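Below: the structure, in structure tokens.
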Amino acid sequence: MSADVGTQARVEAAPRIERSENIPLAIFLMIASGAVFTASSAASKWLIESYPIGEVLFMRTLIALITLSVFILPTIGFRVYRTTKFRAHAMRAGSQGVSQAMLLVAFSLMPLAGATAIMFSSPIFATLASAYFLHEKVGPTRWGVLLVGFLGVLVIANPGTDTFQVGALFALGNAVLFGTVVAGVRGMTSTESANTLIMYQLTLLTAAYALALPFGFVMPTGFDALIMLVSGLGNGGAQYLWTRAIHLAPTSAVVPFQYLQLVWAIFLGYAIWGDLPTVALLLGSAIVICSGLFLFWREMRRVPVDEPDA
């Protein structure tokens, strides 16, 4: 009992991180994160055709961890791991670990653009989680933008056809878990720096994925090892940019800009696997992208999106 009281006292005494919101910069970082992450996802989709998913995930996170450690540890040192919220970090890593595994399973079962499109129902779950757990105000405009974007996802997925197969269910499961991760990060940014968030995430994910190696490991060829390296570098960069974006703006203001990943996914899917975009995919993509651009226009005008429209 006394230990719980002591822990509570330490949590209450934890220094709060001064955070000034910069919505335009956060939107830019989210767009950049999406482009890099899609390239990393395409590399992972290529690799899981020949290597176990656990190995691909381990190598990707390990390389990302090493890369970011080179930049973060020399300036901050192991103080970056100081936290009173280890349990929250562990829960976030657990959710994101399962989420990433589900996404790679989806990539193995369906086209890159289709899995990416279904993944974009995550803003709905992120907004719901933020409103419930973090008490973020979400007014009619943001709700409208998010719901219109989700309708675009439905157009892409085309419910009732063979699009909704096992792979689509894994993509949807990733979306649900990823939405809770977004809300969780936003709730931790008052006391945790972006460096602490990213280092804990990559450290815990690397340790978790290492547990899968005894169940399947294939020695990569020289070319595939290079792809693993590029995928890991991209994953580290994308995770950092994404964490900074969430750190700088409300969840519902920046998450819709992940929709632009659809553009990169369509291009890479066609360039690498010859997946031609369907009419439904193009129409749905237009809907979700326009939704994000409308929100960006609202933010740039500095109109409080959380307030009801006149």
Side-chain angles (χ1 to χ4, degrees), residues 30-51 53 56-57 60 99-124 145-176 178 221 223-224 226-228 230-231 234-235 237-238 242 255-296:
M30 185 61 72
I31 294 174
S33 169
V36 177
F37 180 75
T38 303
S40 179
S41 295
S44 296
K45 178 176 171 62
W46 173 278
L47 291 169
I48 58 178
E49 295 175 1
S50 305
Y51 300 92
I53 289 178
V56 173
L57 287 170
R60 191 173 73 172
S99 171
Q100 290 183 4
M102 283 188 167
L103 184 59
L104 259 64
V105 172
F107 285 156
S108 70
L109 297 173
M110 62 190 305
L112 180 67
T116 301
I118 295 174
M119 180 184 70
F120 284 126
S121 58
S122 63
I124 298 296
V145 170
L146 291 171
L147 290 176
V148 169
F150 183 61
L151 289 176
V153 171
L154 292 180
V155 171
I156 297 169
N158 199 7
T161 69
D162 58 358
T163 301
F164 267 83
Q165 50 185 305
V166 175
L169 294 178
F170 278 101
L172 188 59
N174 162 75
V176 174
F178 185 72
T221 63
F223 179 72
D224 289 344
L226 178 61
I227 295 180
M228 287 184 180
V230 172
S231 177
N235 181 56
W242 181 89
V255 168
F257 286 88
Q258 293 179 117
Y259 289 141
L260 290 175
Q261 287 186 44
L262 287 170
V263 177
W264 325 132
I266 291 171
F267 173 76
L268 291 175
Y270 175 73
I272 300 174
W273 293 278
D275 295 330
L276 290 173
T278 63
V279 174
L281 181 60
L282 294 176
L283 177 60
S285 299
I287 293 173
V288 295
I289 290 173
C290 287
S291 299
L293 291 177
F294 176 76
L295 183 59
F296 176 73

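Nothing fancy with the numbering, it's 1 onward along the sequence. None of the values given here were measured: they were computed from a predicted structure.
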Side chains of residues 107-119: which donor-acceptor partners sit under 3.5 Å, not counting sequence neighbours?
residue: Ser108; atom: OG; partner: Val105; partner atom: O; Å: 2.5
residue: Thr116; atom: OG1; partner: Leu112; partner atom: O; Å: 2.8

Nearest-0.5 Å distance that lies between atom CG in Leu103 and atom OG in Ser44: 8.5 Å
Only distances under 3.5 Å count here; give the side-chain donor-acceptor pairs of residues 263-278 to other protein atoms, sequence neighbours excluded, each with its distance to 0.1 Å.
residue: Trp264; atom: NE1; partner: Leu260; partner atom: O; Å: 3.4
residue: Trp273; atom: NE1; partner: Glu49; partner atom: OE2; Å: 3.0
residue: Thr278; atom: OG1; partner: Leu281; partner atom: N; Å: 3.1

Nearest-0.5 Å distance that lies between atom OG1 in Thr221 and atom CD1 in Ile227: 7.5 Å
Sub-4.5 Å side-chain heavy-atom contact between Arg60 and Leu104: yes
Side chain Ser40, main chain Val36, donor-acceptor under 3.5 Å: no
Between CE on residue Met102 and CD1 on residue Ile53, distance to nearest 0.5 Å: 11.5 Å
